[in-house]
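Along the sequence shown, residues carry numbers from 1. One-based numbering, in listed order, for ligands and for the atoms of each. Reckoned from all heavy atoms, side chains included, excluding hydrogens, waters and symmetry mates.
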Amino acid sequence: MSEQSDLFPAPAPKGPALVASKIEALRDQLNQWAHAYYVLDAPSVPDAEYDRLFQQLQALEGAYPDLVTPDSPTQRVIGAVMDGLTPVRHQVPMLSIRTETDTEATGAEAFDARVRRELKLAPDAPPVEYVAEPKFDGLAMSLRYERGRLVQAATRGDGEVGEEVTHNIRTIRQIPLTLPKDAPPVLEVRGEVYMRRADFERLNERQREQGGKTFVNPRNAAAGAVRQLDSGIAAQRPLSFFAYGVGEVEGAEFATHFELLEKLRSWGFPVAAQVQIARGATELIAFHQRIGAERDQLPYDIDGVVYKVNSLALQRQLGFVTREPRWAVAHKYPAQEMMTRVEGIDVQVGRTGKLTPVARLAPVFVGGVTVTNATLHNLFELRRKRVRVGDQVIVRRAGDVIPEVVGVVPAPRAGYVPNFRMPAQCPICGSSVVREPGEVNHRCSGGLFCPAQRKQAVLHFAQRRAMDIEGLGEKLVDQLVEGHVIRVLPDLFRLGLSSLSELDRMAEKSAQNVLDALQKSKRTTLPRFLFGLGIRHVGEATAKDLARHFGALDAIMDASVDQLLQVNDVGPVVAEAIHTFFAQPHNREVVEQLRACGVTWEEGEPQEGATLPLAGKTIVLTGTLPTLGRDEAKDLLEAAGAKVAGSVSKKTHYVVAGAEAGSKLEKAQALGIPVLDEDGLRALLAAGA
Ligand code: IVH
C-alpha cells in the first residue's frame, strides 16, 4: 500500500486551488483506509501510514482554515459541549417491531402463516422469501445524509420525535461522514449503535482504574455514550454501528430489502455478515437455531433475530398495524440479563476451599433457566459493585457460564443495610478463613476436615503419585462422600466389604479389589503421604524436600514458619501454608487417625542442608527402559536430588534413553549431551556423579 501513499509527498506551498484538490485527495484516501479498517475489519495500511497522512491533512487544514469542512476525517471529534439535546422530528417514523416470544419453531411458523394469510397465498404457493438478520442489542439510530454528507443523527425517541446526537455519532469511525457519488441525494440510514463486548470490557477496566463509574452492560454503555453532551467524552467510548434499513430516501429505488442492504454496504455502511435470505418458515427456524448457537461467540450482544419480508412490493401490500409493520417480526432468545432482588448473600466453599459470595435471588428466568443464585466472585468484586441485601440487581447468564450479578440498579435503600462481611470461620466446617497477601480470594483453612473439600481431597490422596490406591476413582469417591460413608480421609481405611458392595455397580469382587488396594497403599513413603495430604502449594517436589530436610513427620508438623523457610525451595507463601495447615487441630487429628489405621512409612534422619549426590543435575527420561518403569526411574533420580525434566535443552546434564526413544534422543545427540541406558543410570545413581 505504500505506493499509494507516495502519491502524497510532504506538503509544499501551493496555490489555493491545488491545496483544495490535495486536501480532497487526502480525505478520500483516509476515508477509504478507515472504511477498510473499521467496517471491513481488513486494514489495508499500517496505522503509522494512516497517521502520517492524517497529520498532513491536519497541517494543510491548519494553514487553510477556510478549506476545513465538517465532513473531513479530522473533524470527527469537534469537542462540542451541548447545553442539552435538541428534539428532532423524524421524516419517516421509526417503527418498532412485533416480538414473537414463542419457541423457535412456532415463532417462525406463526409469522410465516400470518404473512401468507395476509397475502392470500394458496397453501401450495411457493415459500415466501424473507431476509433474516441478527437483532442487535444497542440503540436505534437514524442517520440523515443530504447530497452525500452526514447532516444529522437522531435517536429513536418515541418513534416520532428523537434527539439530535450528531456530534457524538460523528465520532463513530464505522459511520461514513461522506458517501460515494452514486448514493442518493437524500438518504436516511436506520440501524443500531452498539458497543462490542471487548470494547465494553476495556472501557470498564479503564473506568475502574480511574475510579470512574462502570457500566452494567454494553447496551447501557452505548446508550450513555450516545447521549453525552460532550462529544470528547463520547469519543472515548468506542461505539460501533450496523445498518438494517432506511427512512426517507429520495432518488433511489430498491426492489428488495436484501438489495437495499447490499447498496448500503456498497455506500460504506457496516451490514452484519450473518444477514441472509431465508425461504419459508423452515429456513427461518434454521437461521434462529444457527444464530442461537453462535450467540455466545459473537463479538457483540444480540437479543434475538429479525425476519423481514424481502420484497418491498409485498411489504407495501402488507402494511402496518398501529405502529408495527406486518412484514417484520423480532424473534427473541431467552434474555441473558434480567433484574431481580437480592434476598441474601451466602458463602459457598469450593473444592479448593475458595469462599465465593453468592447472591440468593428472588427466582428469575434468565438465559433460558430459572436462576436463584448468582456468583459475586469475591469480596472485592462485591464491594466494587456495592451489592447489598434488598437491592435490585441485574443478573446475567450467558451460555453455560455460571450466572453472575453484573451490577446494582441504583435506587434508594429502604433503610440501613449492613455491608456484607466475609465470615471469619468457614460456614461448612468452622475452620478459620484466611486470605493470603495479594490474593483476592478468601479460603477455608479446614482442608481435609471440610466436607466441601473432601471429595477433591480424597481423590488427591488416592492418586497414583500420592497414596496410589488403585480403583478409587471419581465415581466411587462421589458415592462415598455423598453417602457420608467417608467424612474424613481415615474413613477410607475403615471401609468394609459390606458398605462397599452396597454401592451402585459395585460387585463383591471389585469391592474386594478396592479393599486390597487400600491395604496395600498403607505402606508408603513420607513424601507420598505429605503430598497426599493436599496442603496448598505442597506439590511432589516440596513434599520430597520437606521429608528430606526434617526426616520425620512430627518435626514438620511442629516446625515454625522460620524453620520451614530453611528448607530448600520453600518460600514465605509455602511456609505459611504448611504452618497454617498443621496449626488446625482437625488436620492433626486426621494425620493421627491415618497413622492409627496403619499407614506407615520409614522415617529418616533430618538432612538439613545436606547436598544430595545428584543435586543440581537435570535429567531427561525418554523411551522404555528394560526393567525400570518411568515413575520408578523418576523417583530414584529425585531421591538422589536430581531434577527430572520433560524436554531436552542445553541445560540438560544427561538423557536416559530406552527402547523407542524418539526426538529427545536425537536432540540430545545434536547438542552433545551424554546419553545413558538403564545400566548407565544405575551407575550414575550408585556413583552419584
Ligand atoms: S428493523 C420496521 N432490524 O429492534 C422495522 N430492528 O423494535 C424497524 N433492532 O429498536 C426495525 N436489530 O433498534 C430491525 N436487524 C434489525 C434490528 C432491529 C435491532 C432494534 C431496533 C428497534 C427494535 C425493534
K.L.:
For ligand 1, which atoms sit closer than 4.0 Å to a heavy atom of Trp327?
P.N.:
2 (C)
K.L.:
Relative to each other, are the rings of Phe320 and Trp327 parallel, tilted or perpendicular (30° and 60° limits)?
P.N.:
perpendicular
K.L.:
Pro325 heavy atoms, cut-off 4.0 Å: which ligand 1 atoms fall inside?
P.N.:
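Near Pro325, meaning under 4.0 Å from one of its heavy atoms, ligand 1 has 2 (C).
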K.L.:
Identify whether the distance between the nearest side-chain nitrogen and carboxylate oxygen of Glu248 and Arg144 falls below 4.0 Å.
P.N.:
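The answer is yes: the pair qualifies as a salt bridge.
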K.L.:
Considering non-hydrogen atoms of the protein only, which is the closest contact for atom 13 (O) of ligand 1, and what is the distance?
P.N.:
Glu192 OE1, 2.4 Å
K.L.:
Can you figure out which of His257, Gln274, Glu133, Lys308 has its heavy atom closest to atom 1 (S) of ligand 1?
P.N.:
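The nearest heavy atom belongs to Lys308.
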K.L.:
Counting each atom of ligand 1 from 1 as listed, which ones have a heavy atom of Ser96 under 4.0 Å away?
P.N.:
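Contacts of ligand 1 toward Ser96, numbered from 1: 7 (O).
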K.L.:
Any salt bridge linking Arg190 with Glu188? Criterion: basic side-chain nitrogen under 4.0 Å from a carboxylate oxygen.
P.N.:
yes
K.L.:
Quick one: do the Gln315 and His257 side chains pair a donor with an acceptor below 3.5 Å?
P.N.:
no
K.L.:
Between Asp391 and Lys385, is there a salt bridge with N-O shorter than 4.0 Å?
P.N.:
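Here Lys385 does not pair with Asp391 in a salt bridge, since their nearest N and O are not under 4.0 Å apart.
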K.L.:
Hey, is Phe320 one of the residues with a heavy atom under 4.0 angstrom from ligand 1?
P.N.:
no
K.L.:
Within a radius of less than 6.0 Å around OH of Tyr37, do more than 12 heavy atoms belonging to other residues, nucleotides or ligands occur?
P.N.:
no
K.L.:
Among all protein heavy atoms in this structure, tell me which lies nearest to atom 8 (C) of ligand 1, with the distance rounded to 0.1 Å.
P.N.:
Leu95 O, 3.9 Å
K.L.:
Ignoring angles and geometry beyond distance, decide whether Ile97 reaches within less than 3.5 Å of ligand 1 through its nitrogen or oxygen atoms.
P.N.:
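Among all N and O atoms of Ile97, at least one is under 3.5 Å from an N or O of ligand 1.
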K.L.:
Please check whether Tyr244 reaches ligand 1 - meaning an N/O of the residue sits under 3.5 Å from an N/O of the ligand, judged on distance alone.
P.N.:
yes
K.L.:
If you have a sec, work out which protein heavy atom is nearest atom 12 (N) of ligand 1 and how many Å separate them, to one decimal?
P.N.:
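Ranked first by proximity to atom 12 (N) of ligand 1 is Phe136 N, 3.1 Å.
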K.L.:
For Arg206, does the CZ atom have more than 12 heavy-atom neighbours from other residues, nucleotides or ligands under 6.0 Å away?
P.N.:
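Yes.
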K.L.:
Identify the closest protein heavy atom to atom 10 (O) of ligand 1: which residue and atom is it, and at what distance?
P.N.:
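Looking only at protein heavy atoms, the one closest to atom 10 (O) of ligand 1 is Ala140 CB, 4.0 Å.
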K.L.:
Say whether, by atom type as modelled, one donor and one acceptor occur between the side chain of Arg76 and the main chain of His167 under 3.5 angstrom.
P.N.:
no
K.L.:
Would you call Lys308 and Glu129 a salt bridge, using N to O less than 4.0 angstrom?
P.N.:
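The answer is no: the pair does not qualify as a salt bridge.
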K.L.:
Could you tell me whether some N/O pair between Lys135 and ligand 1 is separated by less than 3.5 angstrom?
P.N.:
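So ligand 1 has an N or O lying under 3.5 Å from an N or O of Lys135.
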K.L.:
Please verify whether a non-hydrogen atom of Pro134 lies at under 4.0 Å from ligand 1.
P.N.:
yes
